[in-house]
Structures are given as C-alpha cells and as structure tokens.
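Chain letters run A, B, ... following the sequence lines, proteins first and then strands; every chain starts at 1.
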Protein chains: 2
Amino acid sequence: MTESAGTIDVLVVDDDFMVARVHRTFVERVEPFRVVGTAHTGEQAIEAVDALRPDLVLLDLYLPDLFGLDVIPRLRTAGHDCDVMVITAAREADAVRGAVRQGVVDYLLKPFDYEDLQPRLERYATQRGRLLTTVVRGQADVDRVLAGAFAPPAGSGLPKGMSVETARLVERALRGTDGTLSAAEAATATGISRVSARRYLEYFHATGNAEVSLRYGTTGRPERRYSWRS
Amino acid sequence: MTESAGTIDVLVVDDDFMVARVHRTFVERVEPFRVVGTAHTGEQAIEAVDALRPDLVLLDLYLPDLFGLDVIPRLRTAGHDCDVMVITAAREADAVRGAVRQGVVDYLLKPFDYEDLQPRLERYATQRGRLLTTVVRGQADVDRVLAGAFAPPAGSGLPKGMSVETARLVERALRGTDGTLSAAEAATATGISRVSARRYLEYFHATGNAEVSLRYGTTGRPERRYSWRS
DNA sequence: GAACGCGGCGACCACAATGAACTCAATCTC
DNA sequence: GAGATTGAGTTCATTGTGGTCGCCGCGTTC
C-alpha cells in the first residue's frame, strides 16, 4: 500500500523536541526518505500514524505517556502495517528483546551520528524494495525473507557481474533437461564457459530456484548436479 | 549445547484436530519442549495463552474465526511476551511479510516432516537461551541480537575438508534409522565411501550431535556404532 | 579516440572424496 | 597364554571437479 512512487514516508517520534528535529534533518538527507510528521508522545504517535499513514516510524522508547514498545501493538490492532525502527537510549536487554519480538526493523542506540543512521536507513530501503517484489514459491523463499537475504530475480535484481541474457540462457538449459546437469554439462549445452555456467547455476541455487545434489562414486571431488525447481 | 534452563512451554494452534495432534507429538520429541495446550480457533488461542502462559506459540494462519496474524497484536495488547512460530500452508507474500513485521521467530510451510520442524525448534531454543543471558553494552551487542534472530543456517561452521551437503546426507541417514549405525553401514546407506562416512560420523560425535557406543562379540576389532542425539 | 566499466573466459590452485595399504584391538586356535 | 586371524580404524597418494584470479574484448562515455 501507499505506493508513494518510490519515496518512503517517515514519522519521527521523540519526546525531545530538539532531538526530533535533528532526526528529521538526518532522515531527509537520505534518498528516498521523506519525513511526513513528528510526534512527541505515544498517543500523538498513534494519531499521527492514523492520519499520515507513514511507511516507517522512527520510535523512541522513553515517551512521557507510554513505553515505546507498547505503542506498536496499538498500531497493529488499528490495522497499520508500517515498519518500526527503534532509536533510543534504552540499553536494557528486555527492551531489545521486546523490540525484536515486536518485529522492529532496526534498533539504534543514542547518541548517534548521521553516519550511523544513514547506512541503516539505506539497508532498510533496499530490503524493503526486495520484499515488495518477492514471490514465495517454497520454504527457501520464506527463509530468505526471514534472513533478510537476497531476493529472487524477478527482473533486474541480478548481482553485479551477471547479465539477464546469460541467466535466461542457463535457466532454459537447466529447465530443458530431464534429470540434472553438472556445471561442465551446462557449459557445453549452452556454449558458455564452465566458470560462467557454474556461477549462474550457483546463483540459482542461492536464490532457491535450483536444487543441488552431490554425485559420489567416482574418484576425485564429488560432482554438484543441479536441477530446476518448480 | 546450551541447556540454559528448564523446559519451554508450547501452545499448539491449528484448526485441524488431527494436524494439531501431529504437531504436538513432533514438538514433544524435541528437548526441552513441552506442549502445555492446544487451541483450534483464534479466540481459543488467546484464552489459552492467558491461562497457560506458554513461552512459544505454534500458530496456524488459517483459523475459522480470525486470521492468524491478527491474533498476535491481541496477545501483545494483553501483555503477553511469548514468541510465535508460524506453521501454515499460507504462501501469500503478504502473509510472510506481515509475519516478519509482527516479529515471528520462524515461518514453516506445510506440509512438513519432523525433520523439518526439529532443527527449527532447536535453533529457536539455542537462540532463546542466548538472548536470556545477553548483556547490552553497546550498539554491537544490539546488532548481534538483531542479526542472530534468524541468521545461522544451522551448521555452517564446518571444518576444512567437509561439505555441508555431505554432512546433511550423513545426518539424515543417521536420523533415519532406529538404533545405531556403523561407519560401513552409513557408507552403503548414503552411497559414499566408508572413510568419508566415518569422518562425518566422528565429526558429529566430536560436536556432541552423535553418541557412540562400541559393539564387541564379533571377531575382529570392536565396532563403533553411532546414534543421533537431540 | 582514449579511458572506463562490465561480463565472459582460460588457466591455475584448492579441495573433497576415494581406495589401497597399513595399524590396531579384539577373538580364536592350539 | 602366545601367536594367528579377523575385521574395523587410520593414513595417504591420487584424482577430477569446484572455485578463484587476472586478462581480454566489447560497448559506453567524455
């Protein structure tokens, strides 16, 4: 929802007016984030989420009226599916555990610099972009979402050093054969080198599109045989 | 490793009576888990958590009265800090994303075997034990908690000379048999050589995942027989 | 048109599994 | 009880594949 065409709307929650202001300027220096509002109490935060529908809430835990973590279930009950990033001085292990249990996307300790916040926002942005295009075919895809790891191709999400054309070529070769293919066989089948074939096959394995099994019996190192997964 | 404390109380939630029964037996086969109750609807689940105070809830998403994910904020609002592991046939990307946003500890797709559930429960148990003894001194500790939430692929730190695939193969063979296996039997069962089989079995023994007993009586050197340990 | 970035390739090194040869600790034979 | 027997544990050179490094051609940019 809220497909604000790329931008990520942020609500800043901190009881200290000056601190909230600093957070705001920090966030707005990072693309494609945009601060749509500020709140200074838990109740204000809930109202603000209701009104502004942000994608992400930067949440302090020490608020005058509520403990920050108690704000989150209130949001969920109200049907909001925004993400939450905790920014707080709270170092209690219980607070961190509770935050993880509530599914916060990150937990940043005060005091912090712009250099601390910026990479975390960027990590969130890329991770968010991946999730929005994820297709769940099996357990491997689910595990990838949980681990926050790579996403399936789904277009141009290929890592550097790989091209869509070659990927399609290898994919077709792998689909074409009954049974399994080794890296060398895939190479001769596609006409590309063994090294490249192996790189793409291993990529398919990492993304969960291919399954790999080892064949023993011959002397020498065992052979990795790949098969496409539906 | 890490038998930090007592048992972990589990509530099983599934609308299908038979399925809930199966989950129950699966869970009780894993130390130190104990099933303290079963629920078949969302409302039942909430009442059961209220009454039984479990540490972990195995939650199906397709429930007759509520969507499973809507159960979680109800629990949080009621002040329960139990963990949730989703076990469902729901493959919608929205369901997975929503589950992550709610902070579930794992998400397992049906149908599944005991061999699928068991390592996930064990991972949860060790992670839980680790969290309970964590002291937060700085950002690095917080990051470790966040990363460790899902990170370890359950056995990635193998020594040189061994491969994860072969390790998994031997592990499955060892788990599969009732009773015990010798190195030679494991070799024929897996299709690898006796030497390799023994190397992995001995590794499992060294890491505490397998128990070893000697069998005498036959002429010749006594035989080391391995059995898997939970 | 020179400099740069990117993807594929050949060559080389590392590695995991193998099987033969060897060692070892039990039982068997006398 | 000493030595032969036996079958499992242990070592090691061999081997063919996995994996990496740097080069090269090609398209793109300034």
With respect to the side chain of Glu223(A), which nucleotide from dG7(C), dA16(C), dT17(D) is positioned closest? dT17(D)
Give one of base, sugar-phosphate or nothing for Ser196(B), where a contact means two heavy atoms less than 4.0 Å apart. base
In whole Å, I'd like the distance from the CD atom of Glu185(A) to the P atom of dG16(D). 16 Å
OP1 or OP2 of dT15(D) under 4.0 Å from side-chain N/O of Thr219(A): no
dG8(C) phosphate, OP1 or OP2: any side-chain N/O from Tyr200(A) under 4.0 angstrom? yes
Between dG19(D) atom C1' and Arg221(A) atom CZ, what is the distance in whole Å? 7 Å
Is any side-chain heavy atom of Arg224(A) closer than 4.5 Å to one of Glu202(A)? yes
For the residue pair His23(A) and Tyr114(A), is the inter-centroid distance of their aromatic rings smaller than 6.0 Å? no
Report the distance from atom CZ of Arg215(B) to atom P of dT27(C), rounded to the nearest whole Å. 13 Å
Checking side-chain hydrogen bond (donor to acceptor under 3.5 Å, both in side chains) for the pair Asp83(A)/Tyr124(A): CA distance, chi angles, key distance, verdict? CA-CA 10 Å; Asp83(A) 289 312; Tyr124(A) 166 73; 2.7 Å; yes
Side-chain contact check for Arg194(A): nearest option of dC12(C), dA17(C), dA20(C) is dC12(C)
Sugar-phosphate, base or nothing in reach of Arg224(A), heavy atoms under 4.0 Å: sugar-phosphate
May I ask you to verify if any side-chain N or O of Arg198(B) is less than 4.0 angstrom from the OP1 or OP2 atom of dT10(D)? yes
Taking atom C1' of dG7(C) as reference, at what distance in whole Å does atom CE of Met162(A) sit? 11 Å
What is the distance, to the nearest angstrom, from the CZ atom on Arg225(A) to the C1' atom on dG18(D)? 14 Å
Val195(B) side chain, from C-beta outward: closest of dT11(D), dG8(C), dA17(C): dT11(D)
Candidates dG9(D), dC9(C), dA26(C) - which lies nearest the side chain of Tyr216(B): dA26(C)
Could you tell me whether Ser182(B) contacts a base, only the sugar-phosphate backbone, or nothing, with contacts defined as non-hydrogen atoms closer than 4.0 Å? nothing
Output the rounded distance in Å from CG (Leu214(A)) to P (dG18(D)). 9 Å
Taking CZ from Arg168(A) and P from dG7(C), how many angstroms apart are they, rounded to a whole number? 16 Å
Within the structure shown, what part of the strands sits under 4.0 Å from Arg199(B) by heavy-atom distance: base, sugar-phosphate, or nothing? base
Are the side chains of Val104(B) and Ile72(B) in contact, using a 4.5 Å heavy-atom criterion? yes
dG8(C), OP1 or OP2 - any side-chain N/O from Ser163(A) closer than 4.0 Å? yes
Nearest-Å distance, CG (Leu181(B)) to C1' (dG9(D))? 17 Å
For the residue pair Leu109(A) and Ala90(A), what are the closest heavy atoms and their distance? CD2-O, 3.5 Å
Given dA26(C), dC9(C), dT18(C), identify the nucleotide with an atom nearest to the side chain of Ile192(A). dC9(C)
Would you name the heavy atoms of Arg225(B) and Thr180(B) that are closest together and state the gap between them? NE-OG1, 2.6 Å
